[in-house]
Amino acid sequence: MREDIASLRNEYTQSSLDELSLLKNPFDQFEKWFEEVKRSAIPEPNAMVICTVNSNSQPSSRTVLLKDLSKKGFTFYTNYDSRKGKEIARNNSVSLLFPWLELERQVIVQGKAERISRSASEEYFHLRPKGSQISAHVSNQSERIINRIALESKLNLLKEEYKDKEVPLPDNWGGYLVIPYSIEFWQGCPNRLHDRIFYEWAGDSWNVGRLSP
Ligand SMILES: Cc1cc2nc3c(=O)[nH]c(=O)nc-3n(C[C@H](O)[C@H](O)[C@H](O)COP(=O)(O)O)c2cc1C
């Protein structure tokens, strides 16, 4: 056994989560925690791990950035032809995980991913730095490439092409809205007796419950 790994252990003591202080709506609860995360030293507070599944039921995960939040759900942007995009096209059930470890917290969302409108994607796309807009055209995300030089020469060509022009939104780039049916808030507690409170959508309201740690 690797004892250096087996002995890595922290006691979680920062906070607790109880039914009395919990907000009725999970989006309000998420906002409350998110504000605390933004005020903390957590790098990339809006980073979340999204998990999708392929046609063999093989899950895959990767980090993306949350770019909008509303009472409808969680929005992120990506290439629709990427591995995740193709998997979502077949099966739009996804899970999101926010690993806010510095605050001894995680939030797990289960839901369905839906493409947002092209006009909404366009609006966000043009807020991005020009270099990022051009890179969205350069990268056929998730496809195998020969080397980095191929990317950089394409980048240089496109930089020249769009020097004095607006960069158009690529056809295969845009946002997904993840509409949750369950959201779990996890707060680390002493002796591994952590708090786990979940909200589940019951069609017209959210049911709240507690899970054993
Ligand atoms: C901090 C961080 C933020 C990221 N944000 C995004 C993002 O918002 N959208 C995106 O498509 N990829 C993002 N990526 C890259 C993805 O993790 C991933 O490599 C890429 O989307 C391809 O994934 P796929 O091949 O599974 O589709 C980010 C990676 C990191 C580490």
Side-chain angles (χ1 to χ4, degrees), residues 1-53 59-78 84 88 92-113 116 124 127-128 132 175-202 204-213:
M1 187 204 290
R2 282 278 304 272
E3 279 177 22
D4 59 329
I5 298 179
S7 63
L8 288 173
R9 185 173 296 118
N10 282 321
E11 193 61 1
Y12 301 140
T13 55
Q14 286 187 34
S15 193
S16 62
L17 184 61
D18 64 59
E19 286 78 353
L20 286 178
S21 60
L22 202 71
L23 299 176
K24 281 208 167 58
N25 184 289
F27 291 108
D28 293 333
Q29 183 63 38
F30 186 91
E31 286 273 10
K32 184 177 169 195
W33 272 21
F34 193 51
E35 287 307 313
E36 291 171 20
V37 171
K38 282 194 289 181
R39 286 198 299 273
S40 77
I42 291 184
E44 309 284 17
N46 55 334
M48 57 189 192
V49 175
I50 176 164
C51 188
T52 54
V53 235
S60 62
S61 319
R62 77 289 289 155
T63 307
V64 293
L65 296 177
L66 177 71
K67 283 291 167 180
D68 196 16
L69 177 65
S70 73
K71 289 240 159 48
K72 285 191 190 146
F74 303 81
T75 301
F76 69 96
Y77 291 86
T78 193
K84 73 182 98 42
I88 290 170
N92 72 340
S93 293
V94 299
S95 109
L96 306 176
L97 187 150
F98 294 84
W100 294 329
L101 308 186
E102 288 86 341
L103 293 183
E104 302 168 355
R105 289 177 173 169
Q106 74 178 348
V107 175
I108 299 175
V109 174
Q110 289 178 304
K112 301 270 186 193
I116 65 171
Y124 172 70
L127 291 176
R128 304 177 86 211
S132 310
Y176 285 103
L177 170 71
V178 176
I179 302 166
Y181 54 81
S182 101
I183 307 184
E184 180 196 326
F185 293 82
W186 185 101
Q187 176 72 60
C189 292
N191 304 310
R192 300 293 188 256
L193 281 186
H194 313 302
D195 287 323
R196 298 179 64 190
I197 307 267
F198 69 92
Y199 297 74
E200 227 164 39
W201 182 241
D204 55 355
S205 62
W206 290 96
N207 284 337
V208 179
R210 178 178 279 270
L211 298 173
S212 178

Decide yes or no for P180 and Q110: does some side-chain heavy atom of the first lie under 4.5 Å from some side-chain heavy atom of the second?
no

side-chain contact (heavy atoms from CB on, under 4.5 Å), that's the test. Do E31 and L23 meet it? Break it down for me.
CA-CA 10 Å; E31 286 273 10; L23 299 176; over 6 Å; no

CG (L101) and CG (N10) are apart, to the nearest 0.5 Å, by 10.0 Å

Can you name the nearest heavy-atom pair linking P190 to E11, along with the distance?
CA-OE2, 3.3 Å

Looking at every non-hydrogen atom in both residues, tell me the closest pair between S212 and R196 and how far apart they are.
O-NH1, 3.0 Å

So do P43 and E102 actually touch side chain to side chain, heavy atoms under 4.5 Å?
yes

Could you check F76 against V178 for side-chain contact (heavy atoms from CB on, under 4.5 Å), going step by step and ending with a plain yes or no?
CA-CA 8 Å; F76 69 96; V178 176; 3.9 Å; yes

Between P99 and Q106, is there a side-chain heavy-atom distance shorter than 4.5 Å?
no

Do other residues, nucleotides or ligands put more than 12 heavy atoms under 6.0 Å from the NZ atom of K72?
no

Backbone N or O of L17 within a donor-acceptor pair of the Q187 side chain at under 3.5 Å?
no

Quick one: does N191's side chain have a donor or acceptor within less than 3.5 Å of a partner on L193's backbone?
no

Do you know which two heavy atoms are closest between A47 and L65, and how far apart they sit?
CA-CD2, 3.9 Å

Point-to-point distance, once rounded to the nearest 0.5 Å, from CD1 of I183 to CD1 of I108:
11.5 Å

State whether the number of non-hydrogen atoms from other residues, nucleotides or ligands found under 6.0 Å of R192 atom CZ is greater than 12.
yes

Test K71 against D28 for side-chain contact (heavy atoms from CB on, under 4.5 Å), laying out the working first.
CA-CA 8 Å; K71 289 240 159 48; D28 293 333; 3.0 Å; yes

Parallel, tilted or perpendicular: which one describes the rings of F30 and F98, with boundaries at 30° and 60°?
perpendicular

Do other residues, nucleotides or ligands put more than 12 heavy atoms under 6.0 Å from E3 CD?
no

To the nearest 0.5 angstrom, please state how far the NZ atom of K112 sits from the OH atom of Y176.
14.0 Å

Can you tell me how the ring of F27 sits relative to the ring of W206, calling it parallel under 30°, perpendicular over 60° and tilted otherwise?
perpendicular

Show the nearest heavy-atom pair for residues A202 and N207, with the distance to one decimal.
CB-ND2, 3.6 Å

Side-chain contact, heavy-atom cut-off 4.5 Å: D18 with D195?
no

How many angstroms lie between CD1 in I116 and CG in D68, if you round to the nearest 0.5 Å?
8.0 Å

For the residue pair S15 and R105, what are the closest heavy atoms and their distance?
OG-NH2, 3.9 Å

Measure the OG-NZ distance between S21 and K32 for me, rounded to the nearest 0.5 Å.
5.0 Å

For residues V107 and F34, determine if any side-chain heavy atom of one lies less than 4.5 Å from a side-chain heavy atom of the other.
no

Where do R128 and S132 come nearest, in terms of heavy atoms and distance?
NH1-O, 3.4 Å

Parallel, tilted or perpendicular: which fits the ring planes of W33 and F185, with parallel below 30° and perpendicular above 60°?
perpendicular

Donor-acceptor contact present, side-chain R62 to main-chain S60, <3.5 Å
yes

Gap between atom CD of E104 and atom NE2 of H194 - 0.5 Å precision
9.5 Å

What's the verdict on side-chain contact (heavy atoms from CB on, under 4.5 Å) for Y199 and Q29, showing C-alpha distance, side-chain angles and the deciding distance?
CA-CA 10 Å; Y199 297 74; Q29 183 63 38; 3.6 Å; yes

Test side chain to side chain contact (heavy atoms under 4.5 Å, CB included) applied to V109 and I179, L97, L96, the passing residue:
L96

Validation row: F74, L177 side chains within 4.5 angstrom (heavy atoms):
no

